[in-house]
Amino acid sequence: MGTADPPPDAGAGARRRLLFGDLFFGLRRAGIPIGLGDWMALMRVLHDGVVRPDLADFYTVARAVLVKHEAHYDLWDQVFAAVFAGGAFPKKVHDELLAWLDSPLPLPDLSEEELAALEQHSLERLRELFEERRKEQDERHDGGNRWIGTGGTSPFGNGGRNPAGIRVGGQGGGKSAIQVAMERRFADYRSDRILDTRQIAVALRRLRRLSRVDGDLELDVDESIDETCRNAGFLSLAFRPPRKNQARVLLMMDVGGSMTPYTRLVETLFSAAKNLHHWKKLEPLFFHNCVYSRVFESMTGSKTLPTAELLQDRPKDTFLIFVGDASMAPSELLSPHGAIDYFEHGETPGFVWLHRLRARFERAVWLNPLPPEYWRGYTTELIGGLIPMFPLSLAGITAAIDRLLKRTPTPVPELDESLLRGHW
Amino acid sequence: MSETKTASGWQGTGDYIASEDLRRIVNVAVALGRPLLVKGEPGTGKTLLAQSVARGLGLPLLTWHVKSTTKARDGLYVYDTVQRLYDSRFDDHDVSDIAKYIHLGPLGQAFDAPSRVVLLIDEVDKADVEFPNDLLHELDAMSFTIPETGRVVTAKERPVVIITSNNEKELPDAFLRRVVFHFIAFPDETLMRDIVDVHFPTLDKALLDAAIAAFYRVRKVDGLRKRPSTSELVDWIAALLSSGLDASALGDNPGGVPFIGTLLKQERDIVLAQEARSPKRWR
């Protein structure tokens, strides 16, 4: 292997090395996290003759040794086909564009006309069209009104004039969508935003308050030995409650409306928290837009719980975690009868309810699925001033938990009554 | 790893029809001396696999059922301090020998066994998120120390370790790096037909077709928390038979099938299935 580029007829050995090299680096390029250890294990299996000299057998065995998650099976298939059947290597560009389309960010600063024009196509329809045209298109394209490219009035591309279109990265014209995507400008964004439940669970686990309060008694060996000695050698057993996490968590999640695009993200957090079995009590509750006189016990159900009951019954040291985009009309936060929910009749504005919750539970944070660059609205600003706000990303959750565990809780700001008014 | 060559050659046993793939992979895991991690939806026969491997290789099977409270050390050994303290009260026991109060757990027994065994670590994802990491060293080195006695338990022959996971939690990367992995795919329609046939040999063909089609339609509904599996299908067909419904009652709407509560166990999933036909509305 010392010399570069073996001659074309260097024999079967060189050919095999080339194929295997293609496979190894092809897999790594496709984003399957294989390491040298896995590769050496595969080599050992081949060397020991456990695999029959047969491609189908090699396919099965190599996949078992190299690929450790079923989510990667599809990529494996593509790479395998590319190496051994001369197919095309998987195009990451394509995946990244789809992933980018999957996470709709609010488009910043659109004019009225642009917003109206956006109604032209739904996101799903746009995505279908994008797929169709991507298949038809095979080269760089500029101008015109159909292909993905730059200039022109097609709904896809960059620097164009179709306001309903998808601007594929970039600020101005001049680059094609594919080029922009290949710069991997979404790489950081993705690793920060796509959370798996395990990572969240590991972050959430730090939220604990250990003490010996109750539970099935366990033997206290040290104390038993001391007691037995004091008892002149006659056995005396001492028991104590186990050291257990006494933390209670109130997880209040905004669902529906503007939160719909983030359903999966919120569900990931929810299922990570629920499956952790780590706290003394985790109480998941749901609200629409803002918390008013009552909250919901399930995402779809209609069973409600008066917010006043939460304020009265839940221990003061409960950790309170809100999840929501904090985006609403100012009236929905600050006016009496501001709730968009038809059946909500409360006099009290949502902001007052939030303030009461914040005052009752001194350890509270707000997780916002929007990235901080988009925290612009008036209501976001008000709520962020009342409850420490963090992005719903791995780093954000970690910072939020640091805040919850801080020795001295953040002081509760005074409620500014002058903000509350009936008309806007 | 010269001893590994001899033990390969599991061919599946009569009651467990292993796919060709799975057979190769079990033999590779044995040859490499790495644990085999088997994932798949509940009801795809992960646990049965270990029993079949043990029988096929003619080795004893040890099982370690992991629960949410299981600690990695429980699998190695337990030191029964209470018994020792209790025995110390009278003269009739010699409590100076701590080893008498050390009981090996399933992993410890597998290492300590005089000959090779099959060890099933069942539902590893049930335990704490750090649990698999706590086992890394022991599974790598196939040995551990009992600090109370200073005894080192080392595997005489590497056990065949089969680990199952239901995908409740993602497993740590460091752990995944050390295993051979196989995902048991959910049975396709043809295989499912055979499975149902075993349970209901006399089932009417039209009803079977309609039921299987409806079942896969329900499974395809996007966003279900718990997709129905084989056992739910079997229960559901039993319910259909006892109610005397015929194929025409099943319709083609995933939310409208009779006894949907047998297939979907969560209220939210049922709502999703019912909404699956109507276009998505944004509130």
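Each chain gets a letter, A, B and so on, in the order its sequence line appears, and its residues count up from 1.
What you find for B:Arg177 and A:Asp38 is that their closest heavy atoms are O-OD1, 3.4 Å. Minimum interatomic distance between A:Gly37 and B:Arg34 (heavy atoms only, all atoms of both residues): O-NH2, 3.6 Å. Shown here for B:Leu32 and A:Ala41, the closest heavy-atom pair between the two residues is CD2-O, 3.5 Å.
With a 4.5 Å cut-off on non-hydrogen atoms, A:Leu66 does not touch chain B at all. If you measure heavy-atom distances from B:Leu171 to chain A, the contacts under 4.5 Å come from the backbone alone. In this structure, chain A has a heavy atom under 4.5 Å from the side chain of B:Asp128, while its backbone stays farther away.
Between chain B and the residues A:Thr228, A:Val45, A:Val221, the largest count of heavy-atom pairs under 4.5 Å involves A:Val45.
Atom CE of A:Met40 sits in a sparse spot, with 12 or fewer heavy atoms from other residues, nucleotides or ligands closer than 6.0 Å.
A donor-acceptor contact shorter than 3.5 Å is absent between the side chain of A:Lys68 and the backbone of B:Phe181.
Taking CG of B:Leu37 as the start and NE2 of A:His69 as the end, the distance is 10.0 Å to the nearest 0.5 Å.
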